[in-house]
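Predicted, not measured: the structure shown is a model, and the values here were computed from it. Start at 1 and go down the list; that is how both ligands and their atoms are numbered. Here, residue 1 is the first one in the sequence, and each next residue gets the next number.
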Amino acid sequence: SKSTTMTQSTPTTTTDVDNPAHPLYRHRRTVVDFEYGPVLGEGSYSTVLVGKDKKTGKHYAVKKLDKAHIVKNDKVKYVMIERDALSKMNHPGIVRLYWTFKDNRSLYYVLDLARNGELYTYIRRLAPFDMNTAQFYAAEILLAIEHIHSRGVIHRDIKPENILLDDNLHIKITDFGSAKIIPPDSASKKSDDSEDGNAGRSRSFVGTAEYVSPELLRSEPTLQEADLWALGCVIYQMHAGRSPFKAATDYLIFQKIKNRDLAFPEDFPEVAKDIVEKLLVLEPSARLGSEATGGIEALKQHPYFEGVDWETVWESQAPPLK
Ligand code: ATP
């Protein structure tokens, strides 16, 4: 078989190459190693399908990206960033990238399958979430963000559409196409951002404008704190059923964000209001959870998260979403 051939041609010791910990393990899959099932969804440059690994029977989400379409639309950079950022991640709250491969037409990313779709759908259907449910998802999102930042990455597009849910209704954050990878040798995280300034700016005109941070609208470099702004938007949305800066046009949304034109529904829980007000702060360094305010550790101490056992969140039973 093809895989036997590959194993034999591998120059290193091959005995444990089927062990996921082996450095070559992830390079050892190709298009024909999967049986493809139903389409899970379509993106602008991609189709996501269920893929069954013929070797193990395990199911994945296989994201198939059309090469010609990507090149034609000048998206090569985003596709590479998505791959590079995802491959740095190793966390239960983040979609894992297992293998990448290609054929003549397409690139393929083999990812964790998140069978329960987007948090967005559940917010639309069920919001306002009860306190317990909203707290659980906020805690998982915060832990995932903490991991992303610890790996030197800023996600920059956290929103309910990019928060997927697995079989057990735990989160898997996806879509790292807008991410920024902080160079490991940069003396300060706040240093040179020039290379990415345009990328950041142009991103604000694709997708949804509602979660864009005010610093990005001011054309300042976006730092880790941009993901905290987005967390504030998601918490608001779980309790209110709509995003905080909604308006008829992107222009009006941007005006609202820049002016922090923020209003809460009457029945919005007080403790949720307090954390949202501390996250949706125009100045990034003054946002609760910023380095200057004590980092993510300080955010975890907010009364909103009272009772959360941070060590066992991923093993715990998710609240029923219905
Ligand atoms: P765009 O590229 O236009 O921003 P997108 O980010 O939604 O769109 P994809 O990442 O290709 O594009 O995802 C397409 C759809 O497939 C999504 O709507 C999502 O619901 C579904 N999907 C993506 N990844 C997974 C996954 N790992 N598990 C289950 N479903 C997924």
Side-chain angles (χ1 to χ4, degrees), residues 26 29 34-53 58-102 105-125 137 140-141 144 148 153 155-180 199-200 202-212 227 230 234 243 250 318 321:
R26 60 190 298 275
R29 286 294 187 284
F34 295 86
E35 272 167 31
Y36 297 92
V39 171
L40 290 161
E42 308 262 358
S44 329
Y45 315 95
S46 49
T47 304
V48 179
L49 305 123
V50 174
K52 182 178 159 191
D53 186 345
K58 198 180 160 194
H59 290 84
Y60 296 90
V62 180
K63 180 164 174 168
K64 182 178 178 188
L65 299 124
D66 183 72
K67 281 197 273 192
H69 197 182
I70 290 164
V71 171
K72 189 168 151 235
N73 291 283
D74 208 13
K75 300 294 172 189
V76 175
K77 189 176 166 184
Y78 301 120
V79 168
M80 295 302 146
I81 285 179
E82 176 163 36
R83 184 200 60 194
D84 294 345
L86 268 178
S87 57
K88 291 177 187 295
M89 301 298 144
N90 178 18
H91 192 269
I94 300 164
V95 161
R96 181 166 162 191
L97 177 63
Y98 292 88
W99 302 280
T100 63
F101 43 80
K102 54 189 156 192
R105 283 181 66 103
S106 308
L107 307 174
Y108 298 81
Y109 294 175
V110 182
L111 305 160
D112 274 324
L113 175 58
R115 280 186 221 260
N116 276 309
E118 302 171 4
L119 180 62
Y120 181 77
T121 312
Y122 290 88
I123 293 177
R124 295 268 325 237
R125 208 185 285 160
Y137 285 107
E140 289 208 335
I141 297 163
I148 294 167
V153 174
H155 186 287
R156 301 200 295 190
D157 200 16
I158 301 276
K159 58 181 178 183
E161 294 90 325
N162 289 336
I163 301 166
L164 304 181
L165 301 178
D166 69 12
D167 290 342
N168 301 316
L169 296 171
H170 287 266
I171 69 155
K172 297 273 182 202
I173 292 188
T174 188
D175 196 354
F176 282 68
S178 308
K180 177 181 166 62
S202 59
R203 266 307 283 200
S204 64
F205 298 103
V206 293
T208 143
E210 290 161 48
Y211 301 87
V212 165
D227 290 338
V234 177
S243 62
D250 283 359
L321 273 180

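Counted by atom type alone, Asp112 and Tyr98 present one or more donor-acceptor pairs between their side chains at under 3.5 Å.
The local environment of NZ in Lys58 is crowded, with over 12 non-hydrogen atoms from other residues, nucleotides or ligands closer than 6.0 Å.
Residue contact check for ligand 1: Thr174 places no non-hydrogen atom closer than 4.0 Å to it.
Under the 3.5 Å distance criterion, the side-chain polar atoms of Asp227 are matched with a main-chain donor or acceptor of Arg156. With hydrogens and angles ignored, the 3.5 Å screen pairs no side-chain donor or acceptor of His155 with any backbone N or O of Ser178. For Glu210 (side chain) and Ser243 (main-chain N/O), no donor-acceptor pair under 3.5 Å exists by modelled atom type. For the pair Asp66 (side chain) and Ser106 (backbone), a donor-acceptor distance under 3.5 Å is absent.
Contacts between Leu164 and ligand 1, counted as non-hydrogen atom pairs separated by less than 4.0 Å, involve the side chain only. With a heavy-atom cut-off of 4.0 Å, Glu42 touches ligand 1 through its backbone alone. When heavy-atom distances to ligand 1 are checked against a 4.0 Å cut-off, Lys63 comes that close only through its side chain, counted from C-beta outward. By the criterion of a heavy-atom distance under 4.0 Å, the side chain of Ala61, and not its backbone, is placed next to ligand 1.
Ligand 1 has no nitrogen or oxygen under 3.5 angstrom from a nitrogen or oxygen of Leu111. For the pair Ser46 and ligand 1, the shortest N or O to N or O distance falls below 3.5 Å. Residue contacts with ligand 1: Glu118 is placed with a nitrogen or oxygen under 3.5 Å of a nitrogen or oxygen of the ligand (distance criterion only). In terms of polar-atom proximity, Tyr45 is not counted as a contact of ligand 1, lacking any N or O under 3.5 Å from an N or O of the ligand.
Within the model, atoms CZ of Phe34 and CG of Leu49 stand 12.0 Å from one another, a figure rounded to the nearest 0.5 Å.
Shown in contact with Asp175 at under 4.0 Å from a heavy atom are these atoms of ligand 1, numbered in order with element: 6 (O).
Which of Ser44, Gly177, Ala114 comes nearest to atom 3 (O) of ligand 1 through a heavy atom is settled by distance: it is Ser44.
Here the shortest heavy-atom pairing between Ser46 and Lys63 reads OG-CE, 3.6 Å.
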